[in-house]
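Everything numeric here is computed off the predicted structure, so don't read it as measured data. Numbered from 1 within each chain, the chains take letters A, B, ... in sequence-line order.
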Protein chains: 2
Amino acid sequence: MNHPTDAAGTVSPFLSDLDIVKTASLTTVLEKEIERLILTGELEPGIRINEIHLSNRFGTSRGPLREATRSLEAKGLVEVIRNRGVFVRRLSVEDAIEIYDIRAALFGQAGRLVAERMDDKLLGELTRLVNRMDEIAETGDVDAYYPINLAFHNLIVTSCGNRTLAAEYQRFVNKLHLFRTRALVQSGGLKISNTEHRGMLEALASGDGDRAQLAHWRHVSLAKKRVLAAST
Amino acid sequence: MNHPTDAAGTVSPFLSDLDIVKTASLTTVLEKEIERLILTGELEPGIRINEIHLSNRFGTSRGPLREATRSLEAKGLVEVIRNRGVFVRRLSVEDAIEIYDIRAALFGQAGRLVAERMDDKLLGELTRLVNRMDEIAETGDVDAYYPINLAFHNLIVTSCGNRTLAAEYQRFVNKLHLFRTRALVQSGGLKISNTEHRGMLEALASGDGDRAQLAHWRHVSLAKKRVLAAST
DNA sequence: CTCGCGTCAACTGTCAACAGATTTGACGGT
DNA sequence: ACCGTCAAATCTGTTGACAGTTGACGCGAG
């Protein structure tokens with residue numbers, strides 16, 4: 001990507017810091033910061049983003065902030081209504097269903113790609129994570145299960161060799177955070193969930209793309225049904 | 001989505017026109033216009049978008065134009081480099097491959113959803129389009145084949161009942177236009193392509209979701225291989 | 001002729017101010 | 001007490017201007 005540090009040989013942390021400063025415009029910084037506020041729930045769905053207040057809070061003018069919100073609108077995190085303002089997007093149950101189906105499709109594709117480029121090292125790491133989840137599932141400790149589960153899914157998506165796919169998948173996962181679901185994983189589902197993980201793992205190890213795609217698709221699809229059943 | 005017309009019951013075309021006028025800000029208009037310029041090839045990949053020139057051309061100031069380009073950046077149509085400007089995105093072969101895989105995943109999901117909600121009316125329309133393509137394939141008229149083919153794919157995607165999926169699918173199809181491929185459909189592939197269409201049609205008619213998903217996925221995946229084979 | 005340096009025009013990043021729309025709240029009539 | 005009307009306040013849409021950066025051109029030294 002024509003990185004300025006490419007020509008310098010080894011890159012010192014200091015230099016890379018400078019590089020970050022140079023690359024980051026106010027718009028970029030604001031966008032990431034607002035996205036963080038939304039994903040952490042500090043800006044709740046449905047709330048209006050006041051341009052003046054927020055730009056004052058960050059010490060900038062309204063220009064860069066407006067550019068940042070336009071970008072977030074295209075990413076689906078906020079909604080802009082002319083002459084009324086930008087609102088943190090609120091997802092209906094129907095919206096969540098639609099996004100789950102997209103996520104399932106993308107995750108299935110990722111599973112297929114991973115199956116076709118599997119190696120021992122990756123298989124070892126995935127197996128380790130699933131084993132770890134099995135142990136935790138016995139105790140029913142949801143808080144401990146969640147990060148491992150996340151790492152397992154992330155490892156699959158980032159190992160598929162398709163960076164665009166990985167980025168888009170992440171975008172939809174983020175968007176799902178706008179759905180009114182904190183603590184959506186019910187402890188009873190841990191063992192079931194990890195059983196599906198084992199099935200995915202076997203499919204990945206077999207190298208059968210069709211099989212892996214179906215297993216991964218089904219996993220997300222079942223997660224969708226679990227969430228929906230819990231939210232009605 | 002809290003649309004203003006929701007409460008009004010039926011929506012007249014006139015009302016929806018008014019609604020459009022009220023909703024359109026300069027930013028929105030500029031965004032759609034620039035997107036059109038890019039997709040029609042009037043703004044070629046790699047070219048820089050001069051803020052002053054373009055805003056003068058549309059008779060606006062640079063503010064709305066910058067907001068529009070930020071939105072297009074998030075959609076993946078342009079690339080913004082700090083202090084240098086925004087450039088119409090140029091897709092490498094690797095980028096195109098990645099997007100084709102995403103498109104295949106989404107189209108497969110659409111096929112599954114359609115199969116699960118199939119009705120006679122839709123089946124009739126789809127069958128008509130495939131028959132039409134068969135006739136045209138005999139003559140080898142690529143220019144006549146293309147719009148029917150497009151209509152066939154669009155009908156499937158818009159009939160799947162998932163509006164978000166349809167919008168995202170369209171976004172990736174648009175993005176593929178940035179790839180250096182005019183006239184990518186080689187006439188020899190028409191019959192092969194429509195053979196695949198018939199397979200998809202049968203799968204849809206059977207109501208078997210797994211089967212339909214695989215058939216639709218494979219169709220795009222094979223199209224990917226054909227395009228790549230022609231571009232190396 | 002080539003390379004390096006300084007200068008300059010062009011362009012982007014950011015800001016402050018103006019114009020128009022929307023919301024708020026008070027007021028008077030019913 | 002309730003409702004419609006109207007005006008002030010608040011906020012967004014848009015513009016023009018200023019500051020900093022980048023890339024190009026030209027000039028002189030080697």
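With contacts defined as side-chain heavy-atom distances shorter than 4.5 Å, the pair B:Leu165/B:Leu113 qualifies. Two residues are said to be in side-chain contact when any heavy atoms from C-beta on lie closer than 4.5 Å; A:Ile49 and A:Phe87 fail this criterion. Contact check for A:Glu73 versus A:Val86: no side-chain heavy atoms found under the 4.5 Å cut-off.
Listed nucleotides: D:dG23, D:dG13, C:dT14. Nearest to the side chain of A:Arg82: D:dG13. Comparing D:dG23, C:dG13, D:dT15 by their nearest atom to the side chain of B:Thr60 picks out D:dT15. In the set D:dT14, C:dT14, D:dT22, the nucleotide with an atom closest to the side chain of B:Pro64 is D:dT14. Closest approach to the B:Ser61 side chain among C:dT22, D:dT14, C:dC11 is made by D:dT14 (side chain taken as heavy atoms from C-beta onward). Picking from D:dC11, D:dT12, C:dT12 the nucleotide with the shortest atom distance to the side chain of A:Arg62 gives D:dT12. Nearest nucleotide to the A:Arg84 side chain, out of C:dT14, D:dT15, C:dT23: C:dT23. You'll find that the side chain of A:Ile52 is closest to D:dC11, out of C:dC11, D:dC11, D:dT14. With D:dT12, C:dT14, D:dT15 as the choices, the nucleotide that has an atom nearest any side-chain atom of A:Glu51 turns out to be D:dT12.
Using a 4.0 Å cut-off, some side-chain N or O of B:Arg66 falls inside it from OP1 or OP2 of C:dG13. Taking 4.0 angstrom as the limit, B:Asn50 places a side-chain polar atom (N or O) nearer than this to OP1 or OP2 of C:dC11.
When the C1' atom of C:dA19 is taken as reference, atom CG of A:Asn83 falls 11 Å away, rounded to whole Å. B:Glu79 has its CD atom 15 Å from the P atom of C:dT12, to the nearest Å. A straight line from CZ of B:Arg70 to P of C:dG13 spans 7 Å, rounded to a whole angstrom. Rounding to whole angstrom units, CD of residue B:Glu67 and P of C:dT14 are separated by 14 Å. Between the CD1 atom of B:Ile49 and the C1' atom of C:dA10 there is a distance of 18 Å, given to the nearest Å. Distance A:Arg48 CZ to C:dT23 C1': 9 Å, rounded to the nearest Å.
B:Gly63 comes within 4.0 angstrom of a nucleotide base, judged by non-hydrogen atoms across all strands. Among the heavy atoms of the strands, none lies under 4.0 Å from A:Leu65. As judged by a 4.0 angstrom heavy-atom cut-off over every strand, B:Leu30 is placed among residues making no nucleic acid contact.
Taking the six-membered ring where the residue is Trp, the centroids of B:His197 and B:His153 are separated by under 6.0 Å.
A donor and an acceptor atom, one from each side chain of A:Gln109 and B:Trp217, are located under 3.5 Å apart.
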